[in-house]
Amino acid sequence: MAGKFHLSILLLLAALLLQLFDTAALTDSDDFAGLQALKSIWKNTPPNWEGSDPCGLGWEGISCANNRVISITLASINLSGQLSSDIVKISELQTLDLSYNTGMTGPLPQDIGDLKKLSSLILVGCGFSGPIPSSIGSLQQLVYLSLNSNGFIGGIPPTIGKLSHLYWLDLADNKLTGTIPVSDGTSPGLDMLLNTKHFHFGKNQLSGEIPSGLFNSNMTLIHLLLENNLLTGDIPSTLGLVKALEVVRLDINSLSGSVPENLNNLTSVQELFLANNKLTGVLPNLTGMDLLNYVDLSNNSFVATDVPPWFSSLQSLTSLIMEKTQLQGPLPPSMFSLPQLQTVAFKNNRINGTLSFGSNPSSQLYQIDLQDNLIDGFTQRAGLNIQIVLVGNPICDEGVTESYCKIPEPSPPTYTTPLENCNPQPCTEDRVSSPSCTCAYPYTGTLFFRAPSFSNYGNSSIFASLQQNMKASFKSHGLPIDAVSLSNPTKNIDNYLLLSLQVFPSGQDYFNRTGISAIGYMLSNQTFKPPKEYGPFYFIGNSYPYFAGLQASSKKSSSGIIIGAAAGGSVLVLLLLMAGVYAYRQRKRADTADKKNDPFAAWDSNANSGGVPQLKGAKSFSFEELKRITNNFSELNDVGSGGYGKVYRGTLPNGQLIAIKRAQQGSMQGGLEFKTEIELLSRVHHKNVVALVGFCFEQGEQMLVYEFIANGTLKDSLSGKSGIRLDWMRRLKIALGAAKGIQYLHDLANPPIIHRDIKSNNILLDERLNAKVADFGLSKPMNEPERGHVTTQVKGTMGYLDPEYYMTQQLTEKSDVYSFGVLLLELLTARSPIEKGKYIVREVKQAMDTGKEMYNLESILDPIVASSPSPRSVERFVDVALRCVHESGESRPHMSEVVKEIENIMEAAGYNPNAESASTSASYEGHSKGSNHPYSNQSLFAYSGNYPPSMLEPK
Ligand SMILES: *[C@@H]1O[C@H](CO)[C@@H](O)[C@H](O)[C@H]1NC(C)=O
Ligand SMILES: *[C@@H]1O[C@H](CO)[C@@H](O)[C@H](O)[C@H]1NC(C)=O
Ligand SMILES: *[C@@H]1O[C@H](CO)[C@@H](O)[C@H](O)[C@H]1NC(C)=O
Ligand SMILES: *[C@@H]1O[C@H](CO)[C@@H](O)[C@H](O)[C@H]1NC(C)=O
């Protein structure tokens, strides 16, 4: 009995001792309680989170020191739930990384500030929302704060300024609003962050001015990324004090005023983005910024400037992007000798003279885009294999067919890490053959480089070096990596370089959670540092669905297969869902980005507008701008009016004369017609087609801004209204010009365009009586799949309308040829196509007798034509006109034949078809001051022309 008692006492004691011993060896109970609480509210925690000793049992994603949990890294494991304040029980926590778990949602707990030891708070690419708690300013040990790519709202807490050890601050790609906080003696601000190297605030909705107090000379900031926000006001000159800066992105905001003169004090800057703002004043002087690689100043309102000397002096330049910056004058050939130069993109400026690459062009040259400038000569160099675009320059006028006169087909550069001397394996299930030709389940995601120093994505060696660098870096950190593959470099709407990443496991064909989280952490925590030329980056990892358990169950029994298949199926569904959510989010991001830059944002929400127009070179004018240019739409600037509204003349700051066609309330076009016209016009560039300068779609206005064409419509000249006398030679020349313009639309525009409303009201005459085709309100692009014809509601102007099109509703190029034929008859007779109920085509055909001089048409012909010194040329002209108005479209000539024939007629009559008339409008007799302006015709509206409504076909 006593022995029994002793035994039980002993056992009890032993149990107690064990318990005690156990407790001593166990994870801190508060830490365990914290993790246990989180586990209970999180889904998809690692399966080995069992038992009561996370440290001793080696819970995946948990690291400890002295039985205290010091790190939680659970990237990309499809974790979902909220980050509750249970986290603060883990009071020794130094690192928290939950990146790439889009199911982690809700706000951050306010008491997160109690985690006094926290040095890395990394929540990249999750679904967190709500405001960033101000208590974050209490995390005195914080070095890395990465909250980018979430849904955080509200302002940047000023308390972040108290984080004196902070090195990395990434708040980009959220929905943050308000101004950037600076200290004011009582409250802290970001200017106090003297040890912070990275301010990454891009892709938010930050507003107000960039405070001048944000910058001071004691800062050590190297990356200032404020792109794609709603910032306004001047760029503060204090920016020039932050001498360490290497990357400055202020683009895609609404910054105004002049760029501070001391900008070139920042001599360490390598990437400078000021594009897409409203900057004015002189072009910034970048002289002395000798490390600059990539410069983008596009789309600002600088005053017109000659090409500055620094174009040729910045020896490190790889990329100079200055679209629409009012640059003028010739390009110095010496700039192309800059040894690293890859890309020059100067679309939409007024660069003139001859393009020449000088004697020693850079071997790195890759792309020269000078679309829509004034270049009239080009000294080609043999052996220079680069893409040159000169579309929209005088050198490409009149259907020049050189390759540099064509818009290049977009051919995205492709790169994929090559195989390591092996043959790719056929792989089963979702496994992928790695660069070392083994089948495995790779971890995947996308690398985003926010400011690369290069622009030639076709250069595979640069990606090869990143790949090697990355693989070596992963291996040196002891990660279970077999291979790393990079592919598909692309530039996105934010001007970031995107690269797809695949990381392959070694030893087995899948990663475990520890492996995935470790790779995720290396990328989320910036442990991996890419080569310098890549600049700042972030990574968004995909959730990894191939952990061991899943595979094991799918290989076991038949029921296992079913379960596995079901699990695999739900994983698939989940993946699809995630892909959907991701695509939706990306879409939404793209949409918001678009909306910020896009003048059509408001229009886009209008159901009839048919989406955002694709614009090439048409400027969006603000209502205020046009109001200023026209002196508040003053009567003095009114040069014509019609049923649709008025036309005002104006002068742009660069001196260009413009005509502003302003639709009046009640006679607006449909959004779709307005957009069609802008889209097409902004894409066509030809001497015989009127050029669109821009448009305004603001405050309920529809305005089109054209180049000003001095001599009005052909109709006004033919009717005698304009006072310009059109002799036979001039008529031939006008016919030729108009034919060339239409031929350009049919054959050379991309996509080809059917005008659909060719008539004398839509042919404008410039000061040298060059004909220009105008008014694209009814035009149709001929997109490839339906090349040949478009079935469409019949529109056009009575009298010019192709009867075949009218009957079949099938629109072809030959419908324009018909209308052009009617126009030729108008040139011959100076009569409207339908006059006093008589149709010009029938009249001419009935009166015609080819056996007689001038085909017996003297009574119908305009007397000026009838008295032509070359009757034979008149006859041949009638022949062309009648072939054009043949009943069967197929029998009508192609516009190129028409051009050729008119040229032949001119030559035979002793006129040089290529001669430029030297005369200006001043020399035309009787040029009346009060003439109607070209744009005052009513052709914008299909049926509101000069004919009674009863003659117009139903809409
Ligand atoms: C920069 O640091 C120096 C030395 O600590 C200090 O005297 C000075 O006031 C600081 N300047 C600014 C602008 O904070
Ligand atoms: C810019 O640099 C020059 C020369 O180093 C210096 O004299 C000037 O004070 C600097 N300006 C600013 C605003 O830092
Ligand atoms: C640009 O800056 C350099 C160096 O500061 C100066 O020598 C040059 O005169 C400046 N150029 C202009 C046009 O202001
Ligand atoms: C080129 O443009 C500049 C500046 O607008 C002008 O002064 C010059 O005369 C132009 N040269 C030619 C050849 O048109």
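Note that ligands are numbered from 1 as they come in the structure, with each ligand's atoms numbered from 1 the same way. All values reported here derive from a predicted model rather than from experimental measurement. Note that the numbering runs from 1 along the sequence shown for the chain.
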| request: Can you label the angle between the Y294 ring and the F273 ring as parallel, tilted or perpendicular, going by 30° and 60°? | output: parallel

| request: May I ask you to decide if S183's main-chain N or O and D191's side chain share a donor-acceptor pair within less than 3.5 Å? | output: yes

| query | Going through the checks in order, is the salt bridge (Lys or Arg N to Asp or Glu O under 4.0 Å) test met by K619 and E625? | reply | CA-CA 12 Å; K619 177 173 159 60; E625 230 169 330; 3.2 Å; yes

| query | Does NZ or CZ of R381 fall inside the cone over F357's six-membered ring, less than 6.0 Å from its centre and within 45° of the axis? | reply | no

| task | Just need the protein heavy atom nearest to atom 9 (O) of ligand 3, so name the residue and atom and give the distance. | result | N285 ND2, 4.7 Å

| query | Do you see a protein non-hydrogen atom under 4.0 Å from atom 4 (C) of ligand 1? | reply | no

| Contact between G329 and ligand 4, counting heavy atoms under 4.0 Å? | yes

| task | Please identify which atoms of ligand 3 are closer than 4.0 Å to at least one heavy atom of N264. | result | 2 (O), 5 (O)

| field | Closest protein heavy atom (residue, atom, distance) for atom 2 (O) of ligand 1 | value | N218 ND2, 2.2 Å

| task | Scan the protein's non-hydrogen atoms and note whether one is under 4.0 Å from atom 11 (N) of ligand 3. | result | yes

| query | In terms of side-chain geometry, is the basic nitrogen of E271 or R450 positioned less than 4.0 Å from the acidic oxygen of its partner? | reply | no

| query | Would N276 and N299 count as a side chain to side chain donor-acceptor pair (under 3.5 Å) if you check the C-alpha gap in whole Å, the side-chain angles of each, and the deciding distance to 0.1 Å? | reply | CA-CA 5 Å; N276 296 301; N299 297 312; 3.1 Å; yes

| field | Pick from T305, N352, V307: the one approaching atom 13 (C) of ligand 4 most closely through a non-hydrogen atom | value | N352

